[in-house]
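Start at 1 with the first residue, then count along the sequence. Since the model is a prediction, treat every value here as computed from it, not as a measurement.
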Amino acid sequence: MVYDLWKSFVEAHNDSTTDFPQWNDADKIKWKSPDLVNCDGYLSTDLYSYLNKVIEIRPENDVYVIRSMFFTPYNENTEIYVLAITNHIAKKDENGEFKLYNWIDYNTRNWPRKAVGVFDYCYYPGFDFNEDIAREANNTVTMFRDKLGANVPNRITYYIAQNQDEEFKIKGFDYVAGMGDHVGNTGGSTDTNNFIVYGDSVHGESFEPETSRQ
């Protein structure tokens, strides 16, 4: 059942008019593009334009974890190029039907959360959250909106991971091309479709990539 759900979701990307009934309704209401792995700001391609192979489907707590590989053949089809290995969640919704969910919600379900201005922060346990820096970040954003007329959303979701590789992992990537090659393993990315910022412990609560809390 879970395999068929995932297979139909992958195949549905061939039809640009579909609203993806395989995905849970809550995410489709909350996010403009609910499959957050495919909206990763680090990637400049559609994952589902690649071939997909399920590596495993395993039960974990009250959900099923779908681990799959996105790849393309090359070298006259004798080898493959792997773009990403991802995790998605399948579980029953409020109607008792199996639907797909983002790995990040499951993976960060026990992380602390704090709302500061327009920012909804979610940060790894052990991170020393600095509310003063968060307020400064919020003041800068609202200044761009109020003084310069910038199109600032009402809410911005902000995840803080320990480092850049961990950012990929919480989003659902076991592997993505380039992972592990980052100098200093610092940095972040944005999902402009869904107004999400992914940052690390160095830049912390500040959305500005040139700043550092250290």
Side-chain angles (χ1 to χ4, degrees), residues 1-13 20 22-24 27 31 33-75 79-91 98-111 122-127 157-191 193-194 196-203:
M1 179 181 294
V2 172
Y3 175 81
D4 291 338
L5 176 71
W6 175 252
K7 184 172 182 285
S8 67
F9 176 68
V10 172
E11 292 176 347
H13 284 77
F20 301 115
Q22 305 87 351
W23 204 272
N24 74 87
D27 276 355
W31 306 115
S33 302
D35 183 7
L36 300 185
V37 163
N38 200 37
C39 295
D40 184 72
Y42 170 78
L43 298 172
S44 58
T45 186
D46 177 7
L47 278 176
Y48 298 94
S49 64
Y50 288 74
L51 298 174
N52 181 266
K53 180 177 180 59
V54 173
I55 298 174
E56 68 170 340
I57 296 175
R58 69 178 187 273
E60 185 173 301
N61 299 322
D62 59 344
V63 307
Y64 287 91
V65 179
I66 305 167
R67 188 166 176 257
S68 69
M69 176 176 65
F70 293 89
F71 69 98
T72 186
Y74 77 108
N75 249 3
E79 298 177 297
I80 64 171
Y81 173 78
V82 179
L83 178 71
I85 297 174
T86 65
N87 295 282
H88 286 79
I89 293 295
K91 66 177 181 179
F98 273 103
K99 299 288 184 178
L100 297 173
Y101 291 77
N102 286 295
W103 173 257
I104 195 169
D105 294 328
Y106 177 72
N107 199 33
T108 64
R109 63 194 183 281
N110 296 320
W111 283 26
C122 178
Y123 49 95
Y124 68 90
F127 178 72
T157 303
Y158 196 136
Y159 291 95
I160 302 175
Q162 295 186 58
N163 50 54
Q164 194 164 31
D165 282 349
E166 191 66 23
E167 290 170 36
F168 288 128
K169 290 177 182 177
I170 67 167
K171 281 182 275 190
F173 292 102
D174 278 353
Y175 167 80
V176 65
M179 187 175 175
D181 294 337
H182 315 294
V183 177
N185 200 13
T186 64
S189 63
T190 58
D191 175 350
N193 282 332
N194 296 308
I196 302 175
V197 177
Y198 301 100
D200 62 3
S201 60
V202 173
H203 300 97

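With a 6.0 Å radius and a threshold of 12 heavy atoms from other residues, nucleotides or ligands, Lys169 has its NZ atom at or below the threshold. Heavy atoms from other residues, nucleotides or ligands lying under 6.0 Å from OH of Tyr101 number more than 12.
Relative to the ring axis of Phe71, Lys53 does not place its NZ or CZ within 45° and under 6.0 Å from the centre.
Residues Asp105 and Asn102 form a side-chain contact, since some pair of their non-hydrogen atoms from C-beta on lies under 4.5 Å apart. The shortest side-chain heavy-atom distance between Ile170 and Trp111 falls under the 4.5 Å cut-off. For the pair Ile80/Thr72, no side-chain contact is recorded, criterion being any heavy-atom separation below 4.5 Å from C-beta on. In this structure, the side chains of Ile160 and Cys122 stay at 4.5 Å or more apart for every pair of heavy atoms. Looking only at side-chain heavy atoms (C-beta outward), Phe20 and His13 come within less than 4.5 Å of each other. In this structure, Ile196 and Leu36 have side chains that are in contact, with non-hydrogen atoms separated by less than 4.5 Å. The side-chain heavy atoms of Tyr198 and Tyr158, taken from C-beta on, include no pair separated by under 4.5 Å. Residues Val82 and Phe70 fail the side-chain proximity criterion, which asks for heavy atoms closer than 4.5 Å.
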- Let me see the working for Tyr123 and Ser201 under side chain to side chain contact (heavy atoms under 4.5 Å, CB included), right down to the final yes or no. CA-CA 9 Å; Tyr123 49 95; Ser201 60; over 6 Å; no
- Stepwise side chain to side chain contact (heavy atoms under 4.5 Å, CB included) check, Leu83 with Leu47: CA-CA 8 Å; Leu83 178 71; Leu47 278 176; 3.4 Å; yes
- Would you check, one step at a time, whether the test side chain to side chain contact (heavy atoms under 4.5 Å, CB included) holds for His88 with Trp103? CA-CA 5 Å; His88 286 79; Trp103 173 257; 5.9 Å; no
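For Asp165 (side chain) and Phe168 (main-chain N/O), no donor-acceptor pair under 3.5 Å exists by modelled atom type. Although no hydrogens or angles enter the test, the distance criterion places no donor-acceptor pair under 3.5 Å between the side chain of Gln22 and the main chain of Lys99.
In the model, Asp191 has no side-chain atom that pairs as donor or acceptor with a side-chain atom of Trp31 under 3.5 Å. The closest side-chain donor-acceptor pair between Asn87 and Tyr106, if any, does not fall under 3.5 angstrom. Side-chain contact annotation: Lys171 with Thr108, donor-acceptor N/O pair under 3.5 Å absent.
Glu79 meets the salt bridge (charged side-chain N to carboxylate O under 4.0 Å, His left out) test with no other residue; sequence neighbours excluded. Considering only residues two or more places apart in sequence or on other chains, Lys7 meets the salt bridge (charged side-chain N to carboxylate O under 4.0 Å, His left out) condition with Glu11.
Ring planes of Tyr48 and Phe9: perpendicular class, angle over 60° (limits at 30 and 60°).
Closest heavy-atom contact between Asn24 and Leu100: ND2-O, 2.8 Å.
Ion pairing between Asp174 and Arg67 holds under the 4.0 Å rule for side-chain N and carboxylate O.
The distance from atom CG of Asn194 to atom OG of Ser33, rounded to the nearest 0.5 Å, is 5.0 Å.
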